[in-house]
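One structure is given below, encoded as structure tokens.
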There are 4 protein chains.
Amino acid sequence: MNKRSKIIAAATKVFAKKGFFTARISDIAKEAKVADGTIYLYFNNKYDILISVFEEEIGKIIEQIKKILATETDPKRMLEMYVTRHLQTMKKNRNLAEVIQIELRQTNKLIKEYRNTKFIEYTDMMADIVRLGQSQGVFRDDIEPDIAKRFFFGALDEVSRIWTTSAEGRYSVEEIAGQLLQIILTGISAPNGRLADPDGCSAT
Amino acid sequence: MNKRSKIIAAATKVFAKKGFFTARISDIAKEAKVADGTIYLYFNNKYDILISVFEEEIGKIIEQIKKILATETDPKRMLEMYVTRHLQTMKKNRNLAEVIQIELRQTNKLIKEYRNTKFIEYTDMMADIVRLGQSQGVFRDDIEPDIAKRFFFGALDEVSRIWTTSAEGRYSVEEIAGQLLQIILTGISAPNGRLADPDGCSAT
Amino acid sequence: MNKRSKIIAAATKVFAKKGFFTARISDIAKEAKVADGTIYLYFNNKYDILISVFEEEIGKIIEQIKKILATETDPKRMLEMYVTRHLQTMKKNRNLAEVIQIELRQTNKLIKEYRNTKFIEYTDMMADIVRLGQSQGVFRDDIEPDIAKRFFFGALDEVSRIWTTSAEGRYSVEEIAGQLLQIILTGISAPNGRLADPDGCSAT
Amino acid sequence: MNKRSKIIAAATKVFAKKGFFTARISDIAKEAKVADGTIYLYFNNKYDILISVFEEEIGKIIEQIKKILATETDPKRMLEMYVTRHLQTMKKNRNLAEVIQIELRQTNKLIKEYRNTKFIEYTDMMADIVRLGQSQGVFRDDIEPDIAKRFFFGALDEVSRIWTTSAEGRYSVEEIAGQLLQIILTGISAPNGRLADPDGCSAT
DNA sequence: GATGAATGAGAGTTCATTCAT
DNA sequence: AATGAATGAACTCTCATTCAT
């Protein structure tokens, strides 16, 4: 594992634990087992590390989900995969989950010139699935894909905090994903469409 | 307007604009038109200001929504009111929206001993509405209220960012609320129940 | 008791407990049961309070000792009275003892222009006793009164810390005074003079 | 000279000149020709600097005096050496003298948990000399060594202020030491003992 | 490339002092 | 005369960043 990757991994862990501002460069250096100065051979400054964590780690998820979605054409199944995969990743890699949740909202304030394109790409995938479903007539036409993507991402993001907040961490990914999909799929399916959910109201 | 309220208002504005960490005490003081030291007559430290902003401002929303909900008994209408009111407040008071979104996730890291009870109270109101609907048979029984509350709050919170992010700020509260309720209500209504939405699948 | 005296008393107590720098004006105000601002009706600033404590409290001791010494003409007895009285006062009024010990050395650094005349007056009384004894032939001629006064005051001052330091506080004023006088009187008495101490070496 | 020593030296000088509280960290940094932050690489905080100055500088004196005393067995000569050496050091290193005089009394108030062990060690050396003399029958038995050590240290400490106070700085170490030893040795010598001082009353 | 000691700007907080009431 | 809320200058300490080795 090269130094850069080691630093990214260390930064993810430290940012998750302490938050961007409270984290010190020396914390990251210690975690990565390099000298403080070494970090500046690979990154311009503290913000650059944050952005890199984002881009690289979210980049990985995007690749994974893209690959999975490529094997599927049914919008409902695609949505199911997206949701399940997201929750799986977040449960497994809680540090990343924390970093996304915490820092996502900070970044624009910190670095005005930075457009978080990777993240936009990630949520836009969901909007695309919605559009696909609408064009096939399986999703309601009266849903705005750009609102829906926020709606779904927000729901996913907040729900996945369930594993970092201690209280209700007992739920499995499957349970959570099931509940979410229940609501989402029922909610956006075209009224006369065929629901993925066999409990749906399509049976006459 | 008393000094304390002036400082709370100024802090809300400054935190919203700059984020908690980037905001300087002197920024808040200048905004509130008081001396730096005056702030410490009303608050113990910077974190205390943050917590106070939260408690007081969310407290107000809770009061408002409680009052509204008291006039209504139909769970679907209650959910509608909750959603609409939340979005209205957030659109009107964008600073508060920002502070909630940005800082909500930071607070636990900063002040370990702080349990954000007001916020929990706020989201628990939604879990209660879901439970009420289930007991009346109008909401699906297979929805976990504690997961649903996260789902809905996350969706609401993320969706309301639409007004701070410049791009798609064109949507009105009514449009957004309509979209959300469309999905939510269809998604959680009992399959055999009568949907508020006339386009529902109940017609055989 | 008038306000000014109340403040002086409070300041003595607070300075003794916390030291001049660590003491806050509001501490003194609270102790004196007056408002912070009231203090500035009687004193120019914090340093002024310190100086006043000195002048007034040491002033009292000077008066007392002057009165006592007036009744006596034997230099040895006078020295005895000075020593005993000093130790008695310091044991009884530990706050004052602390203030003298702590602040005496600070004052010149704080206020360059301030000459602690009262204190000089106090120690000069001892030099005068020595001179008197020398003129009467009961004290050695080879002792410099100006060195001796420092010697004796330093010894007295340090010894009286015994009551503030917890360890060896068991000694009574009489014991300590006895020990000191033993050394001092034997030490400065004229070799051929008649010692107050019967164990002296005058017996041929 | 390493950085730590440079800072200690600078701090001694600055504390002596301004006193602990009035001294600013930046004064010490400037005097030591390092950056403010550098100080915190070697010391935890301002108090830590003060304590270190003490421990290190008094430590040096202890070593020196220990070495000298090791060459001597006569208690009277030992006392003479202690006194002379102390005064020599204080005259030469006036800054240290000031720091000891000023700060010695403050430290306990500042840092409750701090026991100034080095200092206690230093004064206890004097008590030991007294005990040794008593066991050899050359010092009076009726002197309490723990009171005597305070007596002598207080006298020494106050007397050495003579060189910082401008007025009577004309005296040489030898003169002052002579005067002190005159009083001390005469004062504590056993009545029937042979005095070091040939002018003593032993000659019949 | 790698190190980590050194830097110094900057921020939170305190508290002596003021002044409107 | 008395109050105490308000002020704002000043200080300690932190930590991102640099650079000589």
Side-chain angles (χ1 to χ4, degrees), chain A residues 2-4 6-7 18 20-30 32-50, chain B residues 2-4 6-7 18 20-30 32-49, chain C residues 2-4 6-7 20-30 32-50, chain D residues 2-4 6-7 20-30 32-49:
Chain A
N2 67 17
K3 285 253 165 70
R4 195 191 144 89
K6 263 167 67 184
I7 295 167
K18 296 194 153 192
F20 176 73
F21 287 101
T22 315
R24 279 167 295 158
I25 290 290
S26 61
D27 293 333
I28 299 173
K30 192 182 284 177
K33 284 172 187 159
V34 298
D36 291 23
T38 305
I39 289 178
Y40 289 87
L41 298 174
Y42 298 94
F43 302 92
N44 296 323
N45 53 42
K46 202 182 170 187
Y47 296 142
D48 192 27
I49 306 175
L50 179 64
Chain B
N2 69 19
K3 286 258 160 68
R4 198 192 141 89
K6 263 168 69 183
I7 294 166
K18 297 196 155 191
F20 175 73
F21 286 102
T22 315
R24 277 170 292 139
I25 290 291
S26 60
D27 294 332
I28 299 173
K30 194 181 285 176
K33 282 173 189 157
V34 297
D36 290 24
T38 304
I39 290 178
Y40 290 86
L41 296 175
Y42 298 94
F43 303 92
N44 296 322
N45 51 43
K46 202 181 170 189
Y47 295 144
D48 192 27
I49 307 176
Chain C
N2 67 18
K3 284 255 163 75
R4 195 188 144 90
K6 263 167 69 183
I7 295 168
F20 176 73
F21 287 101
T22 315
R24 280 167 293 157
I25 290 290
S26 61
D27 292 333
I28 299 172
K30 193 182 284 177
K33 284 174 187 157
V34 299
D36 291 23
T38 304
I39 289 179
Y40 288 86
L41 297 174
Y42 298 92
F43 302 92
N44 296 323
N45 52 41
K46 202 181 169 187
Y47 297 142
D48 191 26
I49 304 175
L50 180 62
Chain D
N2 68 19
K3 285 256 159 74
R4 198 190 140 89
K6 263 168 68 184
I7 295 167
F20 176 73
F21 287 102
T22 316
R24 276 171 291 138
I25 290 291
S26 59
D27 294 333
I28 299 172
K30 194 180 285 176
K33 282 174 189 158
V34 298
D36 290 23
T38 305
I39 290 178
Y40 289 88
L41 296 176
Y42 297 94
F43 303 93
N44 296 322
N45 51 45
K46 201 180 169 189
Y47 296 144
D48 192 26
I49 305 175

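Atoms considered below: every heavy atom in the structure, side chains included; atoms not considered: hydrogens, waters and symmetry mates.
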| task | Write down the atom of C:Asp27, the atom of C:Thr22, and the distance for their closest heavy-atom approach. | result | OD2-O, 4.4 Å

| Which whole-number value in Å describes the distance from D:Leu41 CG to F:dC13 P? | 14 Å

| field | E:dA2 OP1/OP2 closer than 4.0 Å to side-chain N/O of A:Lys3 | value | yes

| field | Length of the OH-P vector between B:Tyr42 and F:dA5, whole Å | value | 7 Å

| said: Any side-chain to backbone donor/acceptor pair from A:Lys46 onto A:Ala23? Under 3.5 Å, distance only. | reply: yes

| message | Rounded to whole Å, how long is the line connecting atom CG of B:Asp36 with atom P of F:dA9? | response | 9 Å

| remark: Of D:Ala35 and B:Arg24, the one whose nearest nucleotide on DNA chain E sits closer to the 5' end is D:Ala35

| For C:Ile28 and C:Ile39, which heavy atoms make the closest approach, and how far apart are they? | CG2-CD1, 4.0 Å

| field | Watson-Crick or G-U counterpart of F:dC11, or none if no pair lies under 3.5 Å | value | E:dG12

| query | In the structure shown, which nucleotide is the Watson-Crick or G-U wobble counterpart of E:dT3, with both distances under 3.5 Å? | reply | F:dA20

| query | Toward the 5' end of DNA chain E, which comes first, D:Thr38 or C:Asn44, by nearest nucleotide? | reply | D:Thr38

| remark: Taken to the nearest whole Å, CD1/B:Ile7 to C1'/F:dT7 is 13 Å

| query | Atom CZ of C:Phe20 to atom C1' of E:dA16: distance rounded to whole Å? | reply | 10 Å

| query | Within the structure shown, what part of the strands sits under 4.0 Å from D:Ala23 by heavy-atom distance: base, sugar-phosphate, or nothing? | reply | sugar-phosphate

| message | In whole Å, I'd like the distance from the CD1 atom of C:Ile39 to the P atom of F:dG4. | response | 12 Å

| said: I want to verify a distance call: between E:dT17, F:dC13, F:dC15, whose nearest atom is closest to the C:Asn45 side chain? | reply: E:dT17

| query | Does B:Tyr40 put a side-chain nitrogen or oxygen below 4.0 Å from OP1 or OP2 of F:dT7? | reply | no

| task | Check whether any side-chain nitrogen or oxygen of B:Lys46 sits under 4.0 Å from OP1 or OP2 of E:dA11, and answer yes or no. | result | no

| message | Pick the closest DNA chain F nucleotide for D:Gly37 and for B:Lys33 by heavy atoms, then say which residue is nearer the 5' end. | response | B:Lys33

| query | For the pair made of OH in D:Tyr47 and P in F:dC11, what is the distance, rounded to whole Å? | reply | 15 Å

| Can you check whether C:Ala32's main-chain N or O pairs, donor with acceptor, with C:Lys3's side chain at less than 3.5 Å? | no

| message | To the closest 0.5 Å, what do you measure between CG (D:Leu41) and CZ (D:Arg4)? | response | 12.0 Å

| note | To the nearest angstrom, the CD1-P distance between D:Ile25 and E:dT13 comes to 19 Å

